[in-house]
**Q** 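Please find one structure pasted underneath; my questions will follow.
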Amino acid sequence: MGVQLRSLTGAFYGCSSLTEIVIPEGVTSIGDGAFRGCTSLTSVVIPERVTSIGGYAFYGCSSLTEIVIPEGVTNIGDYAVYGCTNLTIYCEAEEKPSGWNINWNSSNSPVVWGYKGEE
């Protein structure tokens with residue numbers, strides 16, 4: 001019997017050597033602190049089924065340069081991308097959903113709303 005991974009809470013916390021990750025399609029939630037302190041992380045692929053990104057999920061990922069947040073993400077916790085000093089955030093949603101914490105992007109990283117992929 002296989003294990004189904006649906007949530008990543010603290011899964012890679014402090015993995016400073018991790019450079020990239022493709023989150024499996026079965027994951028629907030990126031939990032609190034999932035990638036916190038992954039200072040070498042440069043690439044993250046978030047699947048369309050993800051609906052929630054927890055607080056501090058990418059906190060301190062200072063090498064992360066871009067992230068695409070699928071339109072189905074209805075909840076993002078506080079300080080989700082804090083300390084990601086080189087980050088540009090591409091959001092498929094046209095505007096910030098009401099379920100996103102007011103401090104989700106407290107570092108004020110640039111955000112591209114209504115992102116439809118590379119054209």
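Bear in mind that the values here come from a model prediction, so they are computed numbers and not experimental data. Throughout, numbering of the chain's residues begins at 1 and tracks the sequence.
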**Q** Can you check side chain to side chain contact (heavy atoms under 4.5 Å, CB included) on Tyr59 and Asp32, steps first, answer last?
**A** CA-CA 10 Å; Tyr59 184 99; Asp32 294 344; over 6 Å; no
**Q** Which value, rounded to the nearest 0.5 Å, describes the distance between Ile102 atom CD1 and Lys96 atom NZ?
**A** 6.5 Å
**Q** Tell me, do Tyr115 and Ile89 make a side-chain contact under 4.5 Å, heavy atoms counted?
**A** no
**Q** Checking Ser40 side chain against Leu18 main chain: does a donor-acceptor pair fall under 3.5 Å?
**A** no
**Q** Hey, quick one: are Trp113 and Val68 part of the same hydrophobic cluster, counting side-chain heavy atoms closer than 4.5 Å, chains of contacts allowed?
**A** no
**Q** Quick one: does any side-chain atom of Glu92 pair with a main-chain N or O of Glu71 as donor and acceptor, under 3.5 Å?
**A** yes
**Q** Looking at side-chain heavy atoms only, is the closest gap between Ile53 and Asn75 below 4.5 Å?
**A** no
**Q** Would you mind reporting whether Trp104 and Val111 have side-chain heavy atoms less than 4.5 Å apart?
**A** yes
**Q** Output the distance between atom CG (Leu41) and atom CD (Glu20), rounded to the nearest 0.5 Å.
**A** 8.5 Å
**Q** Rounded to the nearest 0.5 Å, how far apart are CH2 of Trp100 and OG of Ser52?
**A** 11.0 Å
**Q** Side chain to side chain contact (heavy atoms under 4.5 Å, CB included) between Ile76 and Ile69: does it pass, once the steps are laid out?
**A** CA-CA 10 Å; Ile76 296 184; Ile69 300 177; 3.9 Å; yes
**Q** In Å and rounded to the nearest 0.5 Å, what is the CG to CG distance from Asn105 to Asp78?
**A** 12.5 Å
**Q** Between Thr65 and Thr88, is any pair of side-chain heavy atoms under 4.5 Å apart?
**A** no
**Q** Which atoms form the tightest heavy-atom contact between Gly31 and Ala57, and what is the distance?
**A** O-CB, 3.9 Å
**Q** As an exercise, state the distance from CD1 of Ile30 to CZ of Phe58, rounded to the nearest 0.5 Å.
**A** 4.5 Å
**Q** Kindly give the heavy-atom pair with the smallest separation between Cys84 and Gly60, and that separation in Å.
**A** SG-N, 4.5 Å
**Q** Compare all side-chain heavy atoms of Val50 with those of Thr28 and state whether any distance is below 4.5 angstrom.
**A** no
**Q** For the backbone of Gly83 and the side chain of Ser107, can you confirm whether one donor and one acceptor N or O come within less than 3.5 Å of each other?
**A** yes
**Q** Do you know which two heavy atoms are closest between Pro47 and Pro24, and how far apart they sit?
**A** CG-O, 3.5 Å
**Q** Under 4.0 Å between a Lys/Arg side-chain N and an Asp/Glu carboxylate O for Lys116 and Glu94?
**A** yes
**Q** If you define the side chain from C-beta out and look only at heavy atoms, does anything of Ile67 sit under 4.5 Å from Leu87?
**A** yes
**Q** Does any N or O in the side chain of Ser63 come within less than 3.5 Å of the main-chain N or O of Thr39, such that one atom is a donor and the other an acceptor?
**A** yes
**Q** Would you please classify the geometry between the Tyr79 ring and the Tyr82 ring as parallel, tilted or perpendicular, with 30° and 60° separating the classes?
**A** perpendicular
